[in-house]
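All remarks here apply to the structure that follows.
Quick note: numbers below take in every heavy atom, side chains included, and nothing from hydrogens, waters or symmetry partners.
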Amino acid sequence: MTVDKKIVTIIFILLTSMSWCRAQVNIWENTNVRHRVELTPYLVKKPSSPAVIICPGGSYFWHDMENEGSKTARWLNGQGISAFVLRYRTAYVPAFVTHFRLLFRGNRHPDALNDLRQSMRYVRSHASQFRIDSTKIGVMGFSAGGHLAMCSVELLPRKEWPAFVVSVYPVVSFVDPCVHKRSRRGLLGDSRTCNKTLCEALSMERHVPQGCPPVFLINCKDDPIVHPHNAELLDSALTTKGVPHVYIQYHTGGHGFGASEEKGSVESRQWKNALIGWLKTIKIL
């Protein structure tokens with residue numbers, strides 16, 4: 001075999017063994033919602049694979065589409081899991097640097113939740129096309145996205161719940177002193193951050209439902225962005241409600257490492273191995 005033929009053969013093997021990524025889809029296309037919200041599929045070729053909808057973090061103002069988006073999706077593909085990265089509506093940078101939402105609505109709750117709900121409906125309705133198991137679709141979120149992931153079981157009807165939730169260094173409470181104020185402002189808008197009713201309704205530690213799907217929860221004790229007590233509150237609430245879950249608090253790792261092999265710490269990067277082990281125990285893998 002010539003060198004050129006060897007190179008072509010190697011490239012062919014790599015391409016056929018890797019997961020393939022469809023073009024982005026607009027989940028609101030052909031609906032009455034006049035927004036473009038992109039969902040990017042990263043699919044494995046294994047039939048009837050489990051799937052995860054990924055909600056990257058970013059304080060409900062922006063998204064970490066790399067470490068908490070595409071890198072996470074590709075890592076999941078390597079574990080035989082299809083993934084869908086959701087660029088849900090956030091307030092975006094102009095709303096962060098100005099307070100225009102005191103006068104104009106902008107993007108705010110429940111926009112992000114509606115986007116997640118529609119993405120779940122979209123993935124379920126296209127399960128055969130994507131070659132995934134419609135009974136094994138979970139939601140994974142990081143930071144503010146971890147809050148959004150928990151919203152999918154606390155604020156949506158039971159029939160629309162995901163099969164499981166993965167919440168990584170999440171924002172949880174909007175009323176406790178440990179609140180991440182930037183995420184609260186990003187989600188609610190400048191005119192509603194002091195709305196006690198709304199803040200209470202969006203505090204995930206206060207509304208864990210009976211029969212909640214299994215939850216995988218992690219954070220780091222040295223998190224400088226989202227106070228670690230957020231995850232501790234959620235763990236306590238899940239325990240009180242008897243929800244099957246795993247909570248791991250690493251001593252080091254900080255915040256925002258996602259699926260990166262460089263960010264965080266050696267300790268915190270073990271969360272991925274722990275997750276795969278947990279998915280096996282709940283019979284997703």
Side-chain angles (χ1 to χ4, degrees), residues 28 32-35 37 55-64 86-120 139 141-158 160-162 165 167-210 212 215 217 219 223 225-238 240-241 255:
W28 292 114
N32 294 326
V33 178
R34 298 183 178 276
H35 289 278
V37 175
C55 302
S59 305
Y60 283 116
F61 275 105
W62 44 76
H63 308 88
D64 179 353
L86 177 63
R87 190 184 287 270
Y88 54 91
R89 277 173 285 175
T90 63
Y92 299 114
V93 175
F96 176 68
V97 298
T98 72
H99 294 276
F100 77 84
R101 289 185 301 165
L102 286 170
L103 300 175
F104 303 98
R105 183 188 187 279
N107 289 337
R108 65 184 191 185
H109 178 73
D111 296 343
L113 179 59
N114 287 339
D115 292 342
L116 177 54
R117 185 180 196 177
Q118 178 67 6
S119 71
M120 292 166 64
V139 175
F142 299 83
S143 194
H147 178 272
L148 181 57
M150 284 305 303
C151 286
S152 70
V153 296
E154 296 195 20
L155 300 180
L156 294 183
R158 183 180 294 261
E160 297 191 61
W161 284 355
V165 173
S167 193
V168 182
Y169 41 78
V171 173
V172 172
S173 184
F174 280 7
V175 294
D176 193 88
C178 70
V179 61
H180 187 241
K181 293 180 180 179
R182 185 167 68 230
S183 292
R184 183 172 64 183
R185 177 184 166 225
L187 183 61
L188 300 186
D190 298 277
S191 62
R192 304 193 298 174
T193 55
C194 294
N195 185 317
K196 292 183 179 180
T197 301
L198 193 54
C199 288
E200 198 279 339
L202 291 169
S203 291
M204 296 296 97
E205 79 278 16
R206 299 195 171 194
H207 304 286
V208 173
Q210 294 288 348
C212 178
V215 176
L217 173 66
N219 75 329
D223 191 329
I225 306 298
V226 175
H227 196 289
H229 191 50
N230 277 266
E232 293 166 357
L233 286 170
L234 182 55
D235 170 54
S236 178
L238 292 168
T240 299
K241 291 288 186 175
H255 191 86

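- Inter-residue side-chain proximity for M120 and P162 is flagged as met; some heavy-atom pair is nearer than 4.5 Å.
- The nearest pair of heavy atoms linking S203 to E154 is O-OE1, 4.4 Å.
- Listed here is the closest heavy atom pair of D223 and Y169: OD2-CB, 3.8 Å.
- The shortest distance between side-chain heavy atoms of S143 and V226 falls below 4.5 Å.
- Under the 4.5 Å side-chain criterion, counting only non-hydrogen atoms from C-beta, L148 is in contact with L113.
- Contact of the E232 side chain with the V172 side chain is not registered, since no non-hydrogen atoms from C-beta on lie closer than 4.5 Å.
- R34 has its side chain out of reach of W28: every pair of non-hydrogen atoms, C-beta onward, lies at least 4.5 Å apart.
- In terms of heavy atoms, S152 sits closest to V165 at OG-CG2, 4.3 Å.
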Assess whether side chain to side chain contact (heavy atoms under 4.5 Å, CB included) is satisfied between M150 and V139, documenting all intermediate values. CA-CA 9 Å; M150 284 305 303; V139 175; over 6 Å; no
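- Remark: R192 CZ to C199 SG distance equals 9.5 Å, nearest 0.5 Å.
- Side chains of H207 and E200 form a contact here, defined as non-hydrogen atoms less than 4.5 Å apart.
- Of the candidates H180, R184, R185, R182 forms a side chain to side chain contact (heavy atoms under 4.5 Å, CB included) with just one, namely H180.
- A distance below 6.0 Å separates the ring centres of Y88 and H63.
- Shortest non-hydrogen contact noted between Y92 and N107 is CE1-ND2, 3.3 Å.
- R206 has no carboxylate O lying under 4.0 Å from a charged side-chain N of D176, or vice versa, which leaves the two without a salt bridge.
- Of all heavy-atom pairs spanning Q210 and R158, the tightest one is O-NH2, 2.9 Å.
- Taking the six-membered ring where the residue is Trp, the centroids of H109 and Y60 are separated by 6.0 Å or more.
- When every heavy atom of V171 is checked against every heavy atom of N230, the shortest pair comes out as C-OD1, 3.9 Å.
- Side-chain atoms of M204 and C151, non-hydrogen and from C-beta on, do get closer than 4.5 Å to each other.
- Using cut-offs of 30° and 60° for the angle between ring planes, the H229 and H227 rings count as perpendicular.
- Atoms CG and CG, from L116 and D111 in turn, are 13.0 Å apart once rounded to the nearest 0.5 Å.
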Please assess V215 against V153 for the test side chain to side chain contact (heavy atoms under 4.5 Å, CB included), listing each intermediate value before the final yes or no. CA-CA 10 Å; V215 176; V153 296; 5.8 Å; no
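- Of the candidates L233, L234, L202, L233 is the only one forming a side chain to side chain contact (heavy atoms under 4.5 Å, CB included) with S173.
- The distance from the CG atom of L188 to the OG1 atom of T193 is 7.0 Å, given to the nearest 0.5 Å.
- How far CZ of F61 is from CG of L187: 10.0 Å, rounded to the nearest 0.5 Å.
- Residues F142 and P170 have side chains not in contact (no heavy-atom distance under 4.5 Å, counting atoms from C-beta outward).
- Atom CH2 of residue W161 and atom SG of residue C212 lie 6.0 Å apart, to the nearest 0.5 angstrom.
- Not a single donor-acceptor pair under 3.5 Å links the side chain of D64 to the backbone N or O of P56.
- The backbone N or O of G146 sits less than 3.5 Å from a side-chain atom of S167, completing a donor-acceptor pair.
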Verdict with reasoning, V175 to E205, per side chain to side chain contact (heavy atoms under 4.5 Å, CB included): CA-CA 10 Å; V175 294; E205 79 278 16; 3.9 Å; yes
